[in-house]
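Contents: one structure, followed by commentary.
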Protein chains: 2
Amino acid sequence: MKTELKAEPLYLKIKNHILGRIDSGEWMTTMRVPSENQLVKEFSVSRMTTNRALRELTDEGYLVRVAGVGTFVAELKAQSNPLEIHNIADEIRSRHHVYSAEVLKCEAIKVNDKIAAYMNIDTDVTLVHSLIIHKEQGIPIQLEDRLVNEDVVSGYGDQDFTKKTPYEYLIKQAPLQKVEHVVKAIMPTGSTKSLLDMSDQEACLLIERRTWTKGRVASTAKLYHPGSRYELSGLFKPE
Amino acid sequence: MKTELKAEPLYLKIKNHILGRIDSGEWMTTMRVPSENQLVKEFSVSRMTTNRALRELTDEGYLVRVAGVGTFVAELKAQSNPLEIHNIADEIRSRHHVYSAEVLKCEAIKVNDKIAAYMNIDTDVTLVHSLIIHKEQGIPIQLEDRLVNEDVVSGYGDQDFTKKTPYEYLIKQAPLQKVEHVVKAIMPTGSTKSLLDMSDQEACLLIERRTWTKGRVASTAKLYHPGSRYELSGLFKPE
DNA sequence: AAGTGGTCTAGACCACATC
DNA sequence: ATGTGGTCTAGACCACTTG
């Protein structure tokens, strides 16, 4: 497992040495760790090297440093753990399954006040509305109901979304400054239920996503998933 | 907004200079950025300083470096965005609402084969089973159904969970090596529905969580939420 | 006064890509 | 041969905290 013939960099040796002490529980939370100068002596390296090791471990959340005082094992940051939300086509392909899409709608629309406020635009702005079913092995797994501001993302309405998902097109076009996600469990409406081939008494996992580019809302999407066929999962490991 | 009197470190000046070019779209994805030596001349600093700036931007996902070739603006990593799952009590308190808990069960149990496999233990191991309702302003918002291996986390069965949540106790006791989350939308069973005061035709947001300590499964939990009163949200901003 | 972290320099050697 | 990134050294100055 750890037979590097290639010679491990010195700063990494030091990082792993410290991580080992923390993982084993030998150095508990809030305990002091050796100073840069102590590590300089112990490992016979320069201070820049020990500084890099300790600085990177601090950036990664393992240590806390206080100038003039010392370096300490960080409190456990267990209150928040990341869950990743992937692009649906990539996710399906990563399971080595066949991805396909059915475009139900892709047209310009006028917006009402509620949507205008949600997207932070005037009511006279024209948006493109797309409605797409994403399928895994031919089975519906996501209904994507999306609004796009073409003032921010040009050419959206002219794409062939059976070839490339809207999300893939958007991130190529727009720098993508900020993304907001909300995950909910709901009961599907009649049309959502039939479009996704859902059974009676089946819940729906809904992801609402809003993306910003250059300070403006580029797009909003509602992603509906059959509860029996879709779930979000995430594995969080420090390092 | 940007009136530092304290003198910004040189490596940060360089980082911000590059980030500005990327954010503005001036330096598009896959474009080459100046080499370390070019930045050394431009900013009149040593190479260690430009190296740190470029290395940190690389660690943060903005740049890609290839030894012997150059440094480039990274492809947008938009395929995965983090969604954070918080400890329920902290979450409620952060909304300045009153948190309370009702402990329905907290007792030792024998496990069946399915659970033993899921927790990677022998069937003769005794677990502690706790069932707790977490409330916001007195209204049920989470039903926590948890199994804990006391060989890994000692003293679990003796805690008062109206004062401190199981999750808070667990992370204090165990180093918390790895966390797995699965988020689902389901229809609640009759008892879940009544314990959470849910209406008919209301979906249930379920989070299944498994935590590891020192290579062993310390605890598994099913967290049930009323779909009308709970949602997960996350805002992702680079930087 | 002594120790700590935070930053920075002006060199250096290496492996690797490109021309 | 030249340029690139990856690493490392042996100093240095500073602001800060502690005794």
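These numbers come from a predicted model, not from an experiment. Order of the sequence lines sets the chain letters (A, B, ...), proteins ahead of strands, with each chain counted from 1.
When rounded to the nearest whole Å, the span between CG of A:Leu63 and C1' of C:dT4 equals 15 Å. Distance, A:Glu36 CD to C:dG6 P: 7 Å, rounded to whole Å. Between the CD atom of A:Gln38 and the C1' atom of C:dA2 there is a distance of 13 Å, given to the nearest Å. Atom CZ of A:Phe72 and atom P of C:dT4 are 11 Å apart (whole Å). The CG atom of A:Leu39 sits 13 Å away from the C1' atom of C:dT4 (whole-angstrom rounding).
For B:Ser35 and D:dT4, the shortest distance from a side-chain N or O to OP1 or OP2 is below 4.0 Å. Within the 4.0 Å cut-off from OP1 or OP2 of C:dT7, at least one side-chain nitrogen or oxygen of B:Tyr11 is found. A sub-4.0 Å separation between OP1 or OP2 of D:dG6 and a side-chain N or O of B:Arg65 is present.
Of the possible polar contacts, one joining the A:His225 side chain to the A:Leu223 backbone as a donor-acceptor pair under 3.5 Å is found. Between the A:Gln142 side chain and the A:Tyr224 main chain, no donor and acceptor come within less than 3.5 Å of each other.
At a threshold of 4.0 Å, the pair A:Glu56-B:Arg55 counts as salt-bridged, since one of the basic side-chain nitrogens sits closer than that to a carboxylate oxygen. Using a cutoff of 4.0 Å between basic side-chain nitrogens and carboxylate oxygens, A:Glu136 and A:Arg229 are not scored as salt-bridged.
Nearest to the side-chain atoms of B:Asn37 among the listed nucleotides C:dA17, D:dG5, D:dT4 stands D:dT4. Taking every side-chain heavy atom of A:Leu10 into account, D:dC8 is the closest of C:dG5, D:dG6, D:dC8.
With a 4.5 Å cut-off on side-chain heavy atoms, A:Glu231 and B:Glu208 do not count as touching. Counting heavy atoms from C-beta on, the side chains of B:Val64 and B:Tyr62 never come closer than 4.5 Å.
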message: side chain to side chain contact (heavy atoms under 4.5 Å, CB included), that's the test. Do B:Val217 and B:Tyr118 meet it? Break it down for me.
response: CA-CA 9 Å; B:Val217 176; B:Tyr118 184 56; over 6 Å; no
message: Let me check I have this right: for DNA chain C, each base becomes ., (, ), [, ] or |, based on Watson-Crick or G-U pairs with both distances under 3.5 Å. What is the full string?
response: ||||||||||||||||.|.
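Checking A:Ala67 against B:Ala67, the closest nucleotide of DNA chain D that is more toward the 5' end is the one next to B:Ala67.
Listed by residue number, the members of residues 42-58 of chain A with any heavy atom below 4.0 angstrom from DNA chain C are A:Arg47, A:Met48, A:Asn51.
Once rounded to the nearest 0.5 Å, the distance linking CZ of B:Phe43 with NE2 of B:His17 reads 4.5 Å.
Close placement of the B:Phe161 and B:Tyr156 rings is indicated, their centers lying within 6.0 Å of each other.
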